[in-house]
Amino acid sequence: MPFLNGITVLLIYQLLGEILVRSFNLPIPGPVVGMGFLFITLVVYKRVPLALEAASTALLSHLSLLFIPAGVGLMLYFDALTQEWLPILVTLIASTLISMAVIALTMQGLMKLFKPKTEPAESNDANE
């Protein structure tokens, strides 16, 4: 039963995101907005409920199934991919490198921001 409750919570957040996006005609996918709402809720709540953990673990264990539609799409547009392979390859490589750089810079900034406050070390100089 926890799985069903967790899926229901996830779908409610997705629905809230869809309602907000369609109401204000936002250029963001509804599930992304719903995920933002879920994130804010979890930060405020300060823990993940068991039902939500059960649902997310089950979904993540079957994540490979979610790539099947993408694979079908690749086969559907195989001719276009063979004609435009160079721009696609350059875009994939560039976007991967840009993403890695942004993630690294974000991580460095967050590490500096959340660096634990330590007292200055006392010198252990033997000549004193």
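Just so it is clear, the structure is predicted and the values come from calculations on it, not from any experiment.
Leu16 and Met35 are not part of a single hydrophobic cluster, where members link through side-chain heavy atoms under 4.5 Å apart. Connection of Val48 to Leu59 is established within a shared hydrophobic cluster, with ILVMFWY side chains joined at heavy-atom distances below 4.5 Å, either directly or through further cluster members. One hydrophobic cluster, built from ILVMFWY side chains closer than 4.5 Å, cannot hold both Met75 and Phe67; they sit in different ones. Tyr13 and Val44 are not part of a single hydrophobic cluster, where members link through side-chain heavy atoms under 4.5 Å apart. Following chains of ILVMFWY side-chain contacts shorter than 4.5 Å, one can reach Ile12 starting from Val21, so the two form part of one hydrophobic cluster.
No side-chain heavy atom of Ile88 sits less than 4.5 Å from a side-chain heavy atom of Thr91. Between Pro87 and Val90, the closest side-chain pair of non-hydrogen atoms is not below 4.5 Å. Looking at Leu11 and Leu15, their side chains never come closer than 4.5 Å, going by heavy atoms from C-beta outward.
Here the closest non-hydrogen pair linking Ala54 and Pro2 is CB-CB, 4.3 Å. For the pair Pro31 and Glu18, the tightest heavy-atom approach, listed with the atom from each and the gap, is CD-OE2, 3.2 Å. Pairing each heavy atom of Leu92 with each of Thr96, the nearest pair is O-OG1, 2.7 Å. Shown here for Ala58 and Ser61, the closest heavy-atom pair between the two residues is O-OG, 2.7 Å.
Rounded to the nearest 0.5 angstrom, Thr106 OG1 and Leu113 CG are separated by 12.0 Å. Here the CG atom belonging to Leu110 is positioned 14.5 Å from the NZ atom belonging to Lys115, to the nearest 0.5 angstrom.
Met1 meets the side-chain contact (heavy atoms from CB on, under 4.5 Å) test with Leu4, Asn5; sequence neighbours excluded. Listed by chain and residue number, Phe3, Ile7, Leu10 satisfy the side-chain contact (heavy atoms from CB on, under 4.5 Å) test with Ala55 (two or more places apart in sequence, or in another chain). Residues passing the side-chain contact (heavy atoms from CB on, under 4.5 Å) test with Val43 are Phe39, sequence neighbours excluded.
Checked against Leu52 for a side chain to side chain contact (heavy atoms under 4.5 Å, CB included), the options Thr41, Leu42, Thr8 give a single hit: Leu42.
In this structure a side-chain-to-backbone donor-acceptor pair under 3.5 Å is present from Thr82 to Asp79.
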